[in-house]
Enquirer: 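The structure's right below; bear with me while I get my questions together.
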Amino acid sequence: MALIGVSLVLLTFFLFLLGQLCMGSLVVRKLYLEFESFPEHFLISVSVGIILTEIAMALAQLTQHVRAGSFIVLLLSCLPAWAEVPNLWRKWKRFVQGAVPFSKAERFVLWIIGTALLLQLLASLAPLTGSDALHYHFATEQLILEQGFHPIFFLTHSFLCGQGHLLILLGLGLGREALAMSFLFLGGALAALSVACLAARWVPRLYAMGFALLFLLTPLVFWQISSSGSPDIWMAAFAGAAVLTISAARENANSRHALLAGFLAGGVAGAKYTGCLIAAALALAFLAEYRSAFKGLLFTLAALISGIWPFARNLIWTGDPVFPMLLSRLFPERVNPYAMKALLADTGAASSHSLLQAIPFLLFSAGRSGTSLGFWEFCGPIVFALAPLAFLACRNTREWRVRTFVWLFAGLEIFLASGLTRFLLPLLPIAFSCIAAGVYNARQKGWGHIHGLATVSVLFACLLGAGGLVLYTTPAILATIGLEDREHYLREKAPDYQVAEVVNQTLGSRAIAGKTLVFFRHVYYLRVPYIDGDPAASWQVNPAIVKTAEDWRVFLHDQNIAHVVRAGSYPTPIAAALEELEKEGHLVPYARREVEDFQGMRIAGRREVVPIDIFRVVLGD
């Protein structure tokens, strides 16, 4: 049965991919734009199609009929296939006929790339276990699907959801969590293709394919593609496609180039707040190269059309387009200082600035905090080690100017705004293409020892990454193909899953009585109406307002809270008031269980016994 389910997901996935390719290719053809190779056309077309689908899903949300809207969006995206498949087939045939036959080394690298992609695709179809995905990436979209499109103030991170999250909503709306994960995998595959396309402008095919493989085997990348449940990887694909579009014009870009480049840049901006910084770098690079106010205006308008939707949503709901980042200036009376402090710490915005750390940060080697990198931030040492070769190969050409400016300027912006290395992920394909050019330039210059050392370094990084990929994805793949029971896999790999199980089993039949106030982070698998009570994660729970037991009585009444679930202990700022409610008899013990859960970061593998206390709320008159 597991294999049948996987087969249906893969069939829908490839239908979706064909629809995005044909829809985007139709747009590119109507703009009368041509690109150097079929892979470039494929990358840009699918990227355009995906952004159009995101916009369609943003509009479908407004109807409050998300499930029906998801099927309609999928159907409409496939309609251009009837007209566009013959045109794509002709392009593919011309590309194959004009291509140099693959060497043995190239076929071997291509086989490894295919194997890596297959492993990552199968791992992505496993039950969801990513921490942030369980907290908000998937949890927010599940709430929208179940309760309608509305602001979710008890989940502060829900306002950080960008347009990439609409692909998650589309997959969930079509009825399959695995389908949503496959859409995120597609972003990673296209990001790897962008590495190859960018590098192929400067280096032989083997080098381009080798660095695409290195990209896929980078820990941060294969975590994002296979199991994180985060749509951030799509930013890398969009940024690579935008750079290719900006560099595509040999002499001077026309207005159609401006529209397409701006549309892709808007896709980056709409994905994440830091994506706005990358989009700004793309816009400045375009203006610097083509020096036309009119084309710059077209670029900006196209970017607004493609990327404004999450900011418009936040503006309508809260008055702050980047809620809650500007709230202290716009509406200081609405600020929840505790939640704000926690959010800034989580995004790195609260870290201290030190320009001495900017250079290693730009080379993907360290975060601004100076602490050691976690697995989820590790980009590998290749960019840091081989950057001198890239800068020695740098030339005063449009492609070099655009890539180095976007890489360094956007990276500096992200450093100043956050300093978290994982936010550089959209720039990694651009950096890898420059490193590939540097390694190849060493060969052309006759620097045999340097070229050999660089090649060995890349091969060694690929070997280590391949080992890490196999170890990391094996449990997920076993769960995907049905060799490991789904429930057992989730209990072993998904944080707070056993806690959610207890709540579902205990309160499932009583959920109609009211909502459940929960004090644990990973809420995606909850199947009862809930509100997150952690003041670090909920904008509604403001310790400056709900301070006393009486304040909490009013809050519980106003929010129609029927049960309270405490996993471990209450958060410190609100513990005393809630414990007083217990003593007063307003929180009556209803059930108590103990489960085993992760202690600290999941990757450390440490587990501990966690007591689960469920209380019934009794407020009286």
Side-chain angles (χ1 to χ4, degrees), residues 12 16 19-20 23 49-79 128 133-181 183-184 229 231 267 270-271 304-324 508 511-516 518 523-532 538-540 558-562:
T12 308
F16 174 79
Q20 305 311 297
M23 183 164 55
I50 289 291
I51 295 172
L52 288 172
T53 295
E54 291 174 351
I55 295 172
M57 283 303 299
L59 297 174
Q61 287 183 125
L62 302 178
T63 69
Q64 302 293 358
H65 298 287
V66 178
R67 291 191 187 276
S70 299
F71 283 96
I72 292 172
V73 167
L74 179 63
L75 177 62
L76 292 178
S77 69
C78 293
L79 290 181
L128 187 68
L134 298 176
H135 175 54
Y136 80 100
H137 291 311
F138 273 67
T140 299
E141 307 312 313
Q142 183 69 27
L143 287 171
I144 291 174
L145 196 63
E146 294 174 350
Q147 303 176 10
F149 183 54
H150 68 281
I152 307 171
F153 284 101
F154 66 79
L155 199 57
T156 307
H157 281 75
S158 66
F159 293 92
L160 305 186
C161 289
Q163 290 180 189
H165 291 81
L166 294 169
L167 297 177
I168 296 174
L169 183 62
L170 174 62
L172 295 178
L174 293 173
R176 297 300 295 266
E177 170 194 297
L179 192 56
M181 288 293 290
F183 296 162
L184 306 187
L304 287 173
I305 291 171
S306 64
I308 199 172
W309 304 96
F311 306 102
R313 173 202 68 198
N314 287 354
L315 180 64
I316 293 170
W317 282 348
T318 71
D320 178 0
V322 289
F323 180 87
I512 194 171
K515 300 174 186 175
T516 301
V518 300
V523 293
Y524 173 69
Y525 287 112
L526 276 176
R527 294 298 177 259
V528 299
Y530 66 89
I531 289 179
D532 193 331
S538 173
W539 201 258
Q540 278 182 308
D558 291 346
Q559 297 297 326
N560 190 29
I561 304 296

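The structure presented is a predicted model; accordingly, all values stated were derived computationally and were not measured.
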Enquirer: In Å and rounded to the nearest 0.5 Å, what is the CD to CZ distance from Glu54 to Phe183?
Expert: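 Spacing of CD (Glu54) from CZ (Phe183) equals 11.5 Å.
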Enquirer: What do the steps show when you test Val66 against Glu141 for side-chain contact (heavy atoms from CB on, under 4.5 Å), and what is the final call?
Expert: CA-CA 10 Å; Val66 178; Glu141 307 312 313; over 6 Å; no
Enquirer: Minimum heavy-atom separation for Leu172 and Phe138, please, with both atom names.
Expert: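 Here Leu172 and Phe138 meet closest at CD1-O, 4.1 Å.
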Enquirer: Between Leu128 and Leu134, is a side-chain contact (heavy atoms from CB on, under 4.5 Å) present by the stated rule, with each step listed?
Expert: CA-CA 7 Å; Leu128 187 68; Leu134 298 176; 3.9 Å; yes
Enquirer: Please identify each residue that fulfils side-chain contact (heavy atoms from CB on, under 4.5 Å) with Pro231, with sequence neighbours left out.
Expert: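 Pro231 satisfies side-chain contact (heavy atoms from CB on, under 4.5 Å) with His137, His165, Ile168, Leu184 once adjacent residues are dropped.
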Enquirer: Applying the side chain to side chain contact (heavy atoms under 4.5 Å, CB included) criterion to Ser70, which one of Leu145, Leu75, Leu166, Leu174 satisfies it?
Expert: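 In the set Leu145, Leu75, Leu166, Leu174, the residue that makes a side chain to side chain contact (heavy atoms under 4.5 Å, CB included) with Ser70 is Leu174.
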Enquirer: Please report the shortest heavy-atom distance between Ala139 and Tyr530, naming the atom on each side.
Expert: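 Looks like CB-OH, 4.3 Å.
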Enquirer: Any heavy-atom pair between the side chains of Ile51 and Thr53 that's under 4.5 Å?
Expert: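 No, too far: nothing below the 4.5 Å cut-off.
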Enquirer: Work out which heavy atom in Gln163 is nearest to a heavy atom in Ile308; give both atom names and the distance.
Expert: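 Minimum heavy-atom separation between Gln163 and Ile308: OE1-N, 3.9 Å.
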Enquirer: For Leu170 and Phe16, which heavy atoms make the closest approach, and how far apart are they?
Expert: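 Here Leu170 and Phe16 meet closest at CD2-CE1, 3.6 Å.
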Enquirer: Just verifying a value: how many Å separate Gln559 CD and Ile531 CD1, rounded to the nearest 0.5 Å?
Expert: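 Interatomic distance, Gln559 CD to Ile531 CD1, rounded to 0.5 Å: 4.0 Å.
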Enquirer: Which atoms form the tightest heavy-atom contact between Thr516 and Val528, and what is the distance?
Expert: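 Where Thr516 meets Val528 most closely, the heavy atoms are OG1-CG2, 4.0 Å.
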Enquirer: What's the spacing between Asn314 CG and Trp309 CH2 if we round to 0.5 Å?
Expert: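 It is 14.0 Å, given to the nearest 0.5 Å.
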Enquirer: After noting the C-alpha distance and the side-chain angles of Leu59 and Leu62, does the key distance pass the side-chain contact (heavy atoms from CB on, under 4.5 Å) rule?
Expert: CA-CA 5 Å; Leu59 297 174; Leu62 302 178; 4.3 Å; yes
Enquirer: Identify every side-chain donor-acceptor pair in residues 148-162 under 3.5 Å, counting partners at least two apart or on other chains, and give the distances.
Expert:
from   : atom 1 : to     : atom 2 : distance (Å)
His150 : ND1    : Gly148 : O      : 2.8
Thr156 : OG1    : Ala537 : O      : 3.0
Thr156 : OG1    : Trp539 : N      : 3.0
His157 : NE2    : Asp346 : OD2    : 2.9
Ser158 : OG     : Ile152 : O      : 3.1
Ser158 : OG     : Leu155 : O      : 2.6

Enquirer: Which heavy-atom pair separates Gly267 from Ser306 by the least distance, and what is that distance?
Expert: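 For Gly267 and Ser306, the tightest heavy-atom pair comes out as N-OG, 3.6 Å.
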Enquirer: Tell me the side chain to side chain donor-acceptor pair (under 3.5 Å) pairs involving residues 55-67, sequence neighbours left out?
Expert: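 Passing the test, one end in residues 55-67: no pairs.
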Enquirer: When rounded to the nearest 0.5 angstrom, what is the spacing between CG in Asn560 and NZ in Lys515?
Expert: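 If we round to the nearest 0.5 Å, Asn560:CG and Lys515:NZ are 6.5 Å apart.
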